Amino acid sequence: MPCDMLVFGGTGDLALHKLLPALYHLHRENRLPKAMRIIGISRKVLPRASYIELAERHCRAQIEKKDFIESSWLSFSQRLDYLAMDAAQAADFSRLTSILKCTPEHGCIYYLATAPHLFESIAANLALTGLAGANTRIVIEKPIGHSLPSALNINAAIGAAFSEEQVFRIDHYLGKETVQNLMALRFANALFEPVWRAAHIDHVQITVNETIGVENRGAYYDQAGAMRDMLQNHLLQLLCLVAMEAPVRFDADAVRNEKVKILQALKPISGLNVQDKTVRGQYVAGQTNGHTAPAYYFEKNVDNDSDTETFVAIEAEIDNWRWAGVPFYLRTGKRLATKTSEIVIQFKPVPHSLFSDSQANLLVIRLQPEERISLELMAKTPGKGMRLEPVKLDINLAEAFQDSRRWKAYERLLLDVIENDSTLFMRRDEVEAAWQWVDPILSGWQQHYQRPRPYPAGSNGPEQAHSLLERHNRAWHA
Ligand SMILES: NC(=O)C1=CN([C@@H]2O[C@H](COP(=O)(O)OP(=O)(O)OC[C@H]3O[C@@H](n4cnc5c(N)ncnc54)[C@H](OP(=O)(O)O)[C@@H]3O)[C@@H](O)[C@H]2O)C=CC1
Ligand SMILES: O=C1O[C@H](COP(=O)(O)O)[C@@H](O)[C@H](O)[C@H]1O
């Protein structure tokens, strides 16, 4: 169906760095509906030509030189338009009716790339203006709220204006190729299913380490912290994909039914337990990428006495038959030594070892910086005697599929919205179940763990995050 896309927050960081470059790629590959217009919206008064200049400047910086084709940009820019309005003001929405064609034959996608406090009023005003009909969709960004009550309010307000099928709650980690490959690995190969359970798996690690600090997002981040910014959404979604049962079909409801069961089975962590099961950290000054990075509390728009965590590690457990007794170690943080996102499945050792140097198998699913899947197996070293060493069965996904361009997460997800496929988006009950687990940890922190542990920028995080595993004779995958 032909449609237009309205990007509320069209001059913001997300729109300029992620959404417009992704839409450009889709345009260049002829994936966008023919006459689809992309209309940026924010309060700043800007002529259309200046918006196009702003978009071009950012797209040129984001897109690889070889992919930025002048003629493609020119035709893409013809799709771009801009409207200055205040999305908090109901009266301003009447301006949309004159520029939008919301008919049964022509749809409209509303992408809310604004702060979450605007979500409720935007949804309500779109409905009041008659712009929330069946041919429309609304996309909202994580984090959805900052707690369960606020998420319930946002979901209720969105739900009052749009039906659940029209709502796309985006978590860009689900758009990453290797994350989708995790489903292929688990459910398209007979090999892993028999061993994918407590009897054979010692523990699972999910790591999303970043080298960047809070950049220009201090005002938002200081209110959110690593728990709300990353763990409540991206890491819990990864955990769901590792742990869920096989869905009966690969469709939105079947996949999301299985994911929500995992979130509901997470063993609660609350009260004093947070001191045992979680680690909060905050970076202080240190060396990163050859320069000195300031302490978090000296970053722009961050409170000088901030208690916000820039690092979190958790030992989580899933109370169900498949996973009883298997710890899932989650960690994420900013200003760490390396940018690494990976899922590590540590298998149990063989039940009876014939060889003194045998080690348990390890499956590493690397999302970033490169996409690869590697399985460490024990093998005999050449020559006399039975000396064993781990060797890797290693698939570099970029090399395995050399002929195809690797899609960025937002490209895949934006196309899914356009094609009305919500399989890789979070359903309302998933978001609420995730907050249900996270909220008691946040209140446990307030009462029993207010001060985060300091760690130098450029390090591997606070010492306590290592002790979390070492006390059980385990270690984070290096
Ligand atoms: N940046 C990122 O990488 C990511 C962001 N997100 C989420 O995306 C959303 C946007 O984040 P981000 O782009 O960083 O935020 P920014 O602060 O960079 O951008 C906010 C945008 O909203 C506009 N805006 C603010 N108030 C209004 C208003 N009343 N009416 C109309 N427009 C308004 C701003 O323009 P103006 O002030 O001119 O009105 C600006 O264009 C947030 O929910 C964030 O959590 C999620 C994942 C990653
Ligand atoms: O959602 C977010 O994700 C980014 C990390 O995304 P990645 O794709 O670069 O791994 C993070 O920097 C940001 O704080 C957070 O809001």
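Counting starts at 1 for both ligands and their atoms, in listed order. We're numbering straight along the sequence, starting at 1. Note that the coordinates shown come from a computational prediction; the quantities given were computed from them, not determined experimentally.
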Residue portion contacting ligand 1 (non-hydrogen atoms closer than 4.0 Å) for Ala87: both

Test ring-ring contact (aromatic ring centres under 6.0 Å, His included) applied to His117 - qualifying residues, sequence neighbours left out: none

Geometric N/O contact Thr114 with ligand 1, under 3.5 angstrom: yes

Protein residues having a heavy atom less than 4.0 Å from any atom of ligand 2: Lys142, His172, Tyr173, Lys176, Glu210, Ile212, Arg217, Asp229, Met230, His234, Lys334, Lys339, Gln368

Per atom 2 (C) of ligand 1, closest listed option by heavy atom (Ile41, Leu118, Leu19, Asp13): Asp13

Those atoms of ligand 1 less than 4.0 Å from some heavy atom in Asp86: 28 (C), 29 (N), 30 (N)

For Arg79 against Pro33, the heavy-atom pair lying closest together: NH1-O, 3.0 Å

Check: Tyr455 main-chain N/O paired with Ser459 side-chain donor or acceptor under 3.5 Å: no

Heteroatom proximity flag, Tyr220 to ligand 1, N/O under 3.5 Å: no

N-O pairing of Lys261 and Glu258 below 4.0 Å: yes

No-hydrogen, no-angle side-chain donor-acceptor test under 3.5 Å, Thr136 and Gln166: yes

Exercise check, heavy-atom protein proximity under 4.0 Å to atom 15 (O) of ligand 1: no

Asp13 bridged to Lys18 by N-O distance under 4.0 Å: no

Close-contact set for ligand 1 against Met85 heavy atoms, below 4.0 Å: 30 (N), 31 (C)

Smallest separation among heavy atoms of Lys392 and Ser374, with atom names: CD-OG, 4.0 Å

Lys44: numbered ligand 1 atoms lying under 4.0 Å from its heavy atoms: 38 (O)

Backbone or side-chain N or O of Pro143 under 3.5 Å from ligand 1 N or O: no

Pairing residues for Arg280 by the side-chain hydrogen bond (donor to acceptor under 3.5 Å, both in side chains) criterion, not counting sequence neighbours: Glu309

Min heavy-atom dist Ala224 to ligand 1 below 4.0 Å: no

Set of residues satisfying side-chain contact (heavy atoms from CB on, under 4.5 Å) with respect to Ala252, sequence neighbours excluded: Arg256, Ser422, Thr423

Salt-bridge contact Glu371-Arg406 (side-chain N to carboxylate O under 4.0 Å): yes

Leu14 N/O to ligand 1 N/O under 3.5 Å: yes

